[in-house]
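See below for the structure under consideration.
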Amino acid sequence: VQLQASGGGMAQPGGSLRLSCTASGLTFNNRPVGWFRQAPGKEREIVSVFSRNGFTRNYADSVKGRFTISRDNAKATVYLQMNSLSLEDTAVYYCAVGKMGTISSETWNPSSYIYWGQGTLVTVSS
């Protein structure tokens, strides 16, 4: 199983970036997907998750209204559109794919995610 993330880079405050993560070697459908991030000196935190059935998307309070998660099952890809970036969004972003059949109420539980990408660095700086 491989998760290949891309799209990180540098952006100015107020700018936008779009992260992508393509999975291979697993059945992508029927699994939740999510984005996590880890800022320097901080623990990894959930940013956004998307349930396996596509009905539920959840966001951390810090990114609500600015970030949008989406998925394309045909391409086995999950995206994170990040708008209105702030300095506090600087972090390494990780995509993750969860266990088959995870129920929606468990999509916010990090333990539900068993496959992880290598991380892509997002730096917001003026």
Short side-chain donor-acceptor distance under 3.5 Å, Ser86 and Asp89: yes

Test item: Met100 and Thr27 side chains (from C-beta on) under 4.5 Å apart, heavy atoms: yes

Non-hydrogen atoms of Ser104 and Thr107 that approach each other most closely: O-OG1, 2.8 Å

side-chain hydrogen bond (donor to acceptor under 3.5 Å, both in side chains) partners of Glu45, counting only residues at least two apart: Arg37

Asn29/Arg31 under side-chain hydrogen bond (donor to acceptor under 3.5 Å, both in side chains): CA gap, chis, key distance, verdict: CA-CA 5 Å; Asn29 298 2; Arg31 296 179 186 269; over 6 Å; no

Hphob cluster co-occupancy, Val47 + Val122, side-chain heavy atoms under 4.5 angstrom: yes

Closest approach of Asn73 to Arg71 (non-hydrogen atoms, all atoms of both residues): OD1-NE, 2.9 Å

Side-chain (Ser51) to main-chain (Thr56) donor-acceptor, under 3.5 angstrom: yes

Nearest heavy atoms of Ser70 and Phe50, plus distance in Å: CA-CE1, 3.7 Å

Anything under 3.5 Å between a donor and an acceptor, one on a side chain of residues 4-26, the other on a protein residue two or more places apart or in another chain? List them.
residue: Ser16; atom: OG; partner: Asn83; partner atom: OD1; Å: 2.9
residue: Thr22; atom: OG1; partner: Thr77; partner atom: OG1; Å: 2.9

Leu121: hydrophobic cluster co-members (side-chain, 4.5 Å): Phe36, Ile46, Val49, Val92, Tyr94, Trp108, Tyr113, Trp116

Distance-minimising heavy-atom pair for Lys64 and Tyr59: CE-O, 3.3 Å

Least distance between heavy atoms, Val78 atom then Phe28 atom: N-CZ, 4.2 Å

Nearest heavy-atom neighbours spanning Val33 and Val97: CG1-CG2, 4.1 Å

Point-to-point distance, once rounded to the nearest 0.5 Å, from OG of Ser48 to CH2 of Trp35: 10.0 Å

Spacing of NZ belonging to Lys99 relative to OG belonging to Ser112, to within rounding of 0.5 Å: 5.5 Å

Full working for side-chain contact (heavy atoms from CB on, under 4.5 Å) between Phe67 and Leu85: CA-CA 9 Å; Phe67 290 11; Leu85 286 164; 3.9 Å; yes

